[in-house]
Chemist: 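Have a look at this one.
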Amino acid sequence: MSEFLNLKSIDLSSLTIIGTGINVIYAIILTLILLIVGGISAGFNTIGSLLMIAPTIIFGTMIVSIFELFTRSYIYNILASKLENIKIKLFENKEIKEISVIPTAVMVTIISTIMFIIFYLINLFVAQLVFSVIYQVLMVAGNLTLVYMLYQMIYLMSDPIIIILAIIFVVIATFIITTISCYVYNMLTNKMYGVMLGLEKEDNMTIINSINPVNSALILSIIGLVISIILGIILLITTHNVYSLISAILIGFIGTFLCVLITSYLYNILAPKLGKIKIKLTENVE
């Protein structure tokens, strides 16, 4: 039996904690890869320098993840009380059989745009601080060309027209990509299993106990493949380089498959220790 449910709210702490834990593990993996690759390509003398960067990568990831996950969830909870909620269709209370297309696209677009503006302004502020420090060093060194290039970059980033165009691009791109992704997902679930979740009710909240890794990775990687083909064709038309199309397809399919697979396994391992994601699902009233 299938039923449509509204995603009314997301538990802020549970999503933030488990999401941050997964991102930190990714940061540790990335750091280890950098150490290995750096040691092999540049010599083991560089490992000491890379080890100094490692804490920045790990703790930086932790701070950014906490802020981003908490803020995204908080914004969703506010918007969910004012706009049409994201709706999901569950089959036998475990398989996500269908996702509402337009409400999901609208919600994701608004949240992504707000987050883009926040991070853009933060990066602009940080870039100006860094430039003020680098400027003094480069002026003493007499490297006026690099000073001019950095100044132009900061100037472009702070140009209101550039900011507006960037926001418009994010809105259009996010809405189109999310709409296509939801539409393709709904088409695929007519022929194969959708994302399978282990769900449990606790009071008025629904707990996500587990995620089926292979099943989730397969269907989402197909969606990634479709999106990457579209983006690859655009790159092919603009760059006239067939390798850009091939690269986009490989990254879209293989990259998405591995990312979803690893993330799902990490969730299943960490959730019993860090806490499982809690969401509030209510029956859809037409």
Side-chain angles (χ1 to χ4, degrees), residues 1-23 25-26 69 72-73 76-77 80 84-108 111 178-227 253 255-286:
M1 181 178 177
S2 304
E3 57 176 327
F4 278 100
L5 300 172
N6 290 305
L7 178 56
K8 295 296 294 183
S9 65
I10 303 169
D11 181 71
L12 302 179
S13 61
S14 63
L15 177 63
T16 302
I17 292 171
I18 188 69
T20 302
I22 292 172
N23 287 338
I25 290 179
Y26 272 119
L69 291 169
R72 282 184 181 273
S73 305
Y76 180 86
N77 291 345
E84 187 175 358
N85 302 154
I86 292 176
K87 298 180 179 65
I88 60 174
K89 189 175 187 179
L90 288 178
F91 180 70
E92 295 183 348
N93 198 39
K94 62 180 180 180
E95 178 192 359
I96 300 179
K97 201 69 178 176
E98 189 175 338
I99 303 172
S100 58
V101 179
I102 299 302
T104 302
V106 170
M107 194 70 78
V108 171
I111 294 173
T178 306
T179 300
I180 294 173
S181 298
C182 292
Y183 183 74
V184 172
Y185 181 91
N186 295 339
M187 289 180 59
L188 290 172
T189 52
N190 291 324
K191 305 179 182 302
M192 60 186 296
Y193 286 113
V195 172
M196 306 286 287
L197 303 173
L199 302 177
E200 177 187 351
K201 271 293 213 182
E202 184 181 274
D203 298 328
N204 64 336
M205 302 296 286
T206 298
I207 301 174
I208 302 177
N209 287 322
S210 62
I211 305 171
N212 187 302
V214 177
N215 164 259
S216 302
L218 181 59
I219 189 168
L220 294 180
S221 63
I222 295 174
I223 296 173
L225 175 63
V226 173
I227 297 298
F253 182 76
T256 303
F257 184 88
L258 291 176
C259 185
V260 175
L261 185 73
I262 295 170
T263 301
S264 299
Y265 273 118
L266 288 175
Y267 180 87
N268 295 341
I269 294 170
L270 295 176
K273 301 175 178 62
L274 299 180
K276 302 165 185 176
I277 293 177
K278 298 178 182 179
I279 56 177
K280 185 175 183 180
L281 296 174
T282 62
E283 293 184 3
N284 184 39
V285 180
E286 300 292 344

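No hydrogens, no waters, no symmetry mates; every other heavy atom, side chains included, goes into these values. Each residue takes its place number in the sequence, starting with 1.
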Chemist: How about OH on Tyr193, more than 12 heavy atoms from neighbouring residues, nucleotides or ligands closer than 6.0 Å, or not?
Modeler: no
Chemist: Give, for atom CD1 of Ile279 and atom CG of Asn77, the distance between the pair rounded to the nearest 0.5 Å.
Modeler: 11.5 Å
Chemist: Return the CZ to CD1 distance between Phe257 and Ile262, rounded to the nearest 0.5 Å.
Modeler: 10.0 Å
Chemist: Which value, rounded to the nearest 0.5 Å, describes the distance between Ile88 atom CD1 and Ile96 atom CD1?
Modeler: 5.0 Å
Chemist: So which heavy atom on Ser264 is nearest to which on Ile211, and how close?
Modeler: OG-CG2, 3.7 Å
Chemist: Taking the side chain as C-beta and beyond, is there a heavy-atom pair between Ile207 and Leu199 under 4.5 Å?
Modeler: no
Chemist: Does any non-hydrogen side-chain atom of Ile227 lie less than 4.5 Å from one of Thr256?
Modeler: no
Chemist: Which pair of heavy atoms, one from Glu98 and one from Tyr185, lies closest together, and at what distance?
Modeler: N-CE2, 4.4 Å
Chemist: What distance separates Leu197 CG from Glu95 CD, expressed to the nearest 0.5 Å?
Modeler: 10.0 Å
Chemist: Please answer whether the main-chain N or O of Ala80 pairs with a side-chain N or O of Asn85 as donor and acceptor at a distance below 3.5 Å.
Modeler: yes
Chemist: Looking at Ser221 and Leu218, would you say the former's side chain and the latter's main chain have a donor-acceptor pair under 3.5 Å?
Modeler: yes
Chemist: Which pair of heavy atoms, one from Ala105 and one from Thr178, lies closest together, and at what distance?
Modeler: CA-CG2, 3.6 Å
Chemist: Would you say Tyr183 has more than 12 foreign heavy atoms packed within less than 6.0 Å of its OH?
Modeler: no
Chemist: Without hydrogens or angle criteria, can the side chains of Ser13 and Asp11 be said to hold a donor-acceptor pair below 3.5 Å?
Modeler: yes
Chemist: Can you list the steps and then say if Ser14 with Ile18 is a side chain to side chain contact (heavy atoms under 4.5 Å, CB included)?
Modeler: CA-CA 6 Å; Ser14 63; Ile18 188 69; 5.8 Å; no
Chemist: Do Lys278 and Thr206 have side-chain heavy atoms sitting under 4.5 Å apart?
Modeler: no
Chemist: Could you tell me which non-hydrogen atom of Leu12 sits nearest to which non-hydrogen atom of Ser73, and how far apart they are?
Modeler: CD2-CB, 3.3 Å
Chemist: How long is the straight-line distance from CG of Leu15 back to OG1 of Thr20, given to the nearest 0.5 Å?
Modeler: 8.0 Å
Chemist: Does some side-chain heavy atom of Ile25 sit less than 4.5 Å from a side-chain heavy atom of Leu270?
Modeler: yes
Chemist: For Lys97 versus Met192, what's the shortest heavy-atom pair and its separation?
Modeler: NZ-O, 4.2 Å
Chemist: Considering all heavy atoms of both residues, which atom of Asn268 and which atom of Pro272 are nearest to each other, and what is their separation?
Modeler: O-CD, 3.3 Å
Chemist: Go through it in stages, so that I can follow the logic: the residues are Tyr76 and Ile86, the test is side chain to side chain contact (heavy atoms under 4.5 Å, CB included), and I'd like the CA-CA distance, side-chain angles, deciding distance and then a yes or no.
Modeler: CA-CA 10 Å; Tyr76 180 86; Ile86 292 176; 3.7 Å; yes
Chemist: Below 4.5 Å, heavy atoms only, C-beta onward: do Leu5 and Glu283 meet side chain to side chain?
Modeler: yes
Chemist: Can you tell me how far apart OG (Ser181) and CG (Asn186) are? Round to the nearest 0.5 Å.
Modeler: 11.0 Å
Chemist: Going by heavy atoms in the side chains, are Asn212 and Val195 under 4.5 Å from each other?
Modeler: no
Chemist: Is there a side-chain contact between Tyr26 and Cys259 (heavy atoms, below 4.5 Å)?
Modeler: yes
